[in-house]
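Residue numbers run from 1 in the order of the sequence given.
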Amino acid sequence: MKIKKRGFSFRKNQARIFTDETSDAFRTRQKFPEPTQCPECGVVYSDGRWHWGKNTENTNEIICPACKRSEEHDPAGIMDLSGTFFRKHRSEIMNLVQNIERRESNNHPLERIMDIHRSDDRTIIHTTGMHLPRRIGDALKSAFEGDLNLSYEAEDHVQITWHRDL
């Protein structure tokens, strides 16, 4: 007999925590047949996770969550970079952002920059994951100081603002 009670399942005096049920439509809720490869970016699903792999023959094809997010333009992370210091050091700051994105994407291929919108006084960056903007924000705060604000709008979206005046 199985009894459900407040997020736990009790069976034969053993408690198990249920898996999270999130509202993130892009989160993988299933295991795909292995190997599965994204036809758009080439990321491979094997051993229960997405990673960069070699292009192999006889693989299943499915669009990965990061590419789906990019196609539907539904970012998990939004960064807003602004201030007079930012305007004067934009190229240096954007180099730091690109380096962090490259390093993060190598280890976690679903964490990518979707697009970058530049204007005279600010830059808006959209990302496919929530962790990348946090890492970029922490690196900006560490390297250049300034004001860093984090806002978790839902369990699957984060908005980060970094601002520094001279």
(message) Please report the interatomic distance CD1(Ile62) to CD(Glu40), rounded to the nearest 0.5 Å.
(response) 11.5 Å

(request) Taking the side chain as every heavy atom from C-beta outward, state whether Val97 and Ile125 have any atom pair closer than 4.5 Å. (result) yes

(message) Is there a path of hydrophobic side-chain contacts, each under 4.5 Å between heavy atoms, that joins Leu81 and Met130?
(response) yes

(request) Please check if atom NZ in Lys141 has more than 12 non-hydrogen atoms from other residues, nucleotides or ligands closer than 6.0 Å. (result) yes

(message) Using modelled atom types and a 3.5 Å cut-off, is there a donor and acceptor pairing between side-chain atoms of Trp50 and backbone atoms of Pro65?
(response) no

(request) Please report the closest heavy-atom contact between Leu110 and Thr128, naming both atoms and the distance. (result) O-OG1, 2.6 Å

(message) Taking Thr84's backbone N and O only, do any of them form a donor-acceptor pair with Asp165's side chain (distance below 3.5 Å, no angle check)?
(response) yes

(request) State whether a side-chain donor-acceptor pair under 3.5 Å links Arg112 with Thr127. (result) no

(message) Does either side chain, that of Asn99 or that of Arg102, offer a donor lying less than 3.5 Å from an acceptor on the other one?
(response) yes

(message) Atom CD of residue position Glu34 - does it have more than 12 heavy atoms of other residues, nucleotides or ligands inside 6.0 Å?
(response) yes

(request) Flag the pair Arg90 / Thr123 as yes when at least one side-chain heavy-atom distance between them is below 4.5 Å, and no otherwise. (result) yes

(message) So Val158 and Arg134, do their side chains get closer than 4.5 Å, heavy atoms only?
(response) no

(message) Could you tell me if the side chain of Trp162 sits less than 4.5 Å from the side chain of Ile93, heavy atoms only?
(response) yes

(request) Taking atom NE2 of His131 as the centre, report whether more than 12 heavy atoms of other residues, nucleotides or ligands fall under 6.0 Å from it. (result) no

(request) Consider only side-chain N and O atoms of Asp121 and Ser119, and report whether a donor and an acceptor are under 3.5 Å apart. (result) yes

(message) When you compare the side chain of Ile100 with that of Leu132, does any pair of heavy atoms fall below 4.5 Å?
(response) yes

(request) With rounding to the nearest 0.5 Å, note down the distance linking CG in Leu140 to CD1 in Ile160. (result) 9.5 Å

(message) Under a 4.0 Å threshold between the charged nitrogen and the carboxylate oxygen, would Arg87 count as salt-bridged to Asp120?
(response) no

(request) For Ser46 and His51, test the side chains for any donor-to-acceptor distance below 3.5 angstrom and give the result as yes or no. (result) yes

(request) Using modelled atom types only, decide if a donor and an acceptor are shared between the side chain of Trp52 and the backbone of Ser105 within a distance under 3.5 Å. (result) yes

(request) Please test Lys88 against Leu166 for side-chain contact (heavy atoms from CB on, under 4.5 Å), starting from the C-alpha separation and ending with a verdict. (result) CA-CA 9 Å; Lys88 289 188 176 191; Leu166 292 176; 3.4 Å; yes

(message) Nearest 0.5 Å, please: how far is NE2 in His108 from CZ in Arg49?
(response) 8.0 Å

(request) May I ask whether Phe86 and Phe144 are part of the same hydrophobic cluster, defined by side-chain heavy atoms of I, L, V, M, F, W, Y residues being less than 4.5 angstrom apart, directly or through others? (result) yes

(request) Determine the minimum heavy-atom distance between Gly77 and Pro133, stating which atoms define it. (result) CA-CG, 3.8 Å

(request) Would you check if Glu101 and Arg135 make a side-chain contact, meaning some heavy-atom pair closer than 4.5 Å? (result) no

(request) State plainly whether one hydrophobic cluster holds both Met94 and Met114, where clusters connect Ile, Leu, Val, Met, Phe, Trp and Tyr through side-chain heavy atoms under 4.5 angstrom apart. (result) no

(request) Using the rule that two of Ile, Leu, Val, Met, Phe, Trp, Tyr join whenever any of their side-chain heavy atoms come within less than 4.5 Å, decide whether Ile124 and Leu148 are in one cluster. (result) no

(request) Search all heavy atoms of Ile63 against all heavy atoms of Cys38 and return the closest pair with its distance. (result) CA-SG, 3.9 Å

(message) With a 4.5 Å cut-off on side-chain heavy atoms, are Asp80 and Arg122 touching?
(response) yes

(message) Students often mix this up, so state it plainly: with edges at 30° and 60°, are the rings of His126 and His73 parallel, tilted or perpendicular?
(response) perpendicular

(message) Tell me whether Arg69 contacts the main-chain N or O of Asp74 through its side chain, where contact means a donor paired with an acceptor under 3.5 Å.
(response) yes

(request) Search all heavy atoms of Ser82 against all heavy atoms of His163 and return the closest pair with its distance. (result) OG-ND1, 2.9 Å

(request) Report yes if the side chains of Gln159 and Tyr152 come closer than 4.5 Å at any heavy-atom pair, otherwise no. (result) no

(request) State, to 0.1 Å, how close Pro35 and Val44 come at their nearest heavy-atom pair, and which atoms those are. (result) CB-CG1, 4.2 Å

(message) Out of the candidates Cys67, Pro109, Ser70, only one should pair with Cys41 under the side-chain contact (heavy atoms from CB on, under 4.5 Å) rule; please name it.
(response) Cys67

